[in-house]
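Whatever order the structure lists ligands and atoms in, that order sets their numbers, starting from 1. Source: prediction; values computed, not measured.
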Amino acid sequence: MSDVEYIKSQLTAHPDFPKKGIVFLDIFPILRNPIAFETLITHLVHHLTSHTIAAAPNKKIDVVVGLDARGFLLGPIIALRLGAAFVPVRKQGKLPGKCVSASYEKEYGTDSFEMQADAITPGQTVVVVDDLIATGGSAKAAGELVAKQGGKTLEYLFIIELMFLKGGAKLDAPVYSIVQSDD
Ligand SMILES: O=P(O)(O)OC[C@H]1O[C@H](OP(=O)(O)OP(=O)(O)O)[C@H](O)[C@@H]1O
Ligand SMILES: Nc1ncnc2[nH]cnc12
């Protein structure tokens with residue numbers, strides 16, 4: 001079995017969660033299995049070092065941005081392995097100090113994201129990490145926060161991409177996803 005098939009085999013689908021009509025794809029079974037979690041992180045870091053960094057203007061990734069909440073499970077580990085900074089994007093009202101904010105619509109509601117205003121230095125290269133892209137609203141808002149601080153988003157990284165929602169089309173940089181779901 002390939003790494004991608006192995007990672008895919010660990011995901012579980014929950015119809016009608018958190019509301020009717022949504023098929024919720026759960027990544028937590030991966031984190032319960034240390035071999036699967038290691039396979040996942042190694043796969044993402046290998047992609048970043050072999051493709052993203054090779055194409056980066058400064059030949060490095062300065063900042064890994066992780067999205068509240070499930071992006072926090074992946075982002076810090078990836079950042080440590082790359083020797084990059086980790087910066088959280090949080091839902092409104094959770095971060096102290098001066099923040100930049102951007103609101104967005106998602107597959108099942110609306111929300112507002114914030115990032116600390118001094119978190120990214122102009123010109124830094126950034127990858128945005130989350131567990132899943134659905135409509136792309138969350139990732140787009142995160143990209144806006146990076147751009148507001150003068151950062152350059154190189155890529156958006158996900159475990160799962162819901163292809164039928166075409167979220168990647170909203171974004172200002174390419175998407176890399178391990179599993180593409182059509183339903
Ligand atoms: O592409 P989008 O339509 O924006 O949806 C994707 C977002 O939705 C989920 O998070 P959610 O907002 O449910 O928050 P949580 O991680 O706190 O559960 C998921 O983890 C992504 O962050
Ligand atoms: N279908 C889905 N499964 C898991 N997380 C999600 N976030 C938005 N849509 C989702």
Proximity flag A139 to ligand 1, non-hydrogen atoms under 4.0 Å: no
Part of R70 with heavy atoms under 4.0 Å of ligand 2, whether side chain, backbone, both or neither: side chain
Derivation of the side-chain contact (heavy atoms from CB on, under 4.5 Å) call for F37 and L74: CA-CA 10 Å; F37 197 14; L74 310 173; 4.2 Å; yes
Closest to atom 15 (P) of ligand 1 (judged by heavy-atom distance), picking from K170, E105, K91: K91
Contact check: G136 vs ligand 1, nitrogen or oxygen atoms, below 3.5 angstrom: yes
Contact atoms of ligand 1, heavy-atom distance to A69 under 4.0 Å: 15 (P), 16 (O), 17 (O)
Side chain to side chain, I30 and L11, heavy atoms closer than 4.5 Å: yes
Per-atom contacts, ligand 2 versus A134 - under 4.0 Å to a heavy atom: 8 (C), 9 (N)
Numbered atoms and elements of ligand 1 in range of D68, under 4.0 angstrom, heavy atoms: 16 (O)
Which segment of L67 sits under 4.0 Å of ligand 1 when only heavy atoms are counted: neither
Full working for side-chain contact (heavy atoms from CB on, under 4.5 Å) between D111 and F113: CA-CA 7 Å; D111 235 320; F113 264 162; 6.0 Å; no
Ligand 1 contact by K140, heavy-atom criterion under 4.0 angstrom: no
Sub-4.5 Å side-chain heavy-atom contact between I61 and E155: no
Mutual orientation of the aromatic rings belonging to F86 and F72 [parallel < 30°, tilted 30-60°, perpendicular > 60°]: perpendicular
Expected output: side-chain D68 to main-chain V89 donor-acceptor under 3.5 Å: no
Interfacing atoms of ligand 1 (cut-off 4.0 Å, heavy-atom, S138): 2 (P), 4 (O), 5 (O), 6 (C), 7 (C)
Heavy atoms of other groups near H14 NE2, more than 12 under 6.0 Å: yes
Proximal ligand 1 atoms for R70, defined as those under 4.0 Å from one of its heavy atoms: 9 (C), 10 (O), 11 (P), 13 (O), 15 (P), 16 (O), 18 (O), 19 (C), 20 (O)
L132 touching ligand 1 at heavy-atom level, < 4.0 angstrom: yes
Backbone N/O of I120 and side chain of Q149: donor-acceptor pair under 3.5 Å: yes
Whether F17 and F24 hold their rings parallel, tilted or perpendicular, with breakpoints at 30° and 60°: perpendicular
Carboxylate-amine/guanidinium proximity below 4.0 Å for E144 and K140: yes
Where ligand 2 meets V23 - atom numbers and elements under 4.0 angstrom, heavy-atom basis: 1 (N), 2 (C), 3 (N)
Atoms of ligand 2 close to L132 [distance to a heavy atom under 4.0 angstrom, numbered from 1]: 2 (C), 3 (N), 4 (C), 5 (N), 6 (C), 7 (N), 8 (C), 9 (N), 10 (C)
Those atoms of ligand 2 less than 4.0 Å from some heavy atom in L162: 1 (N)
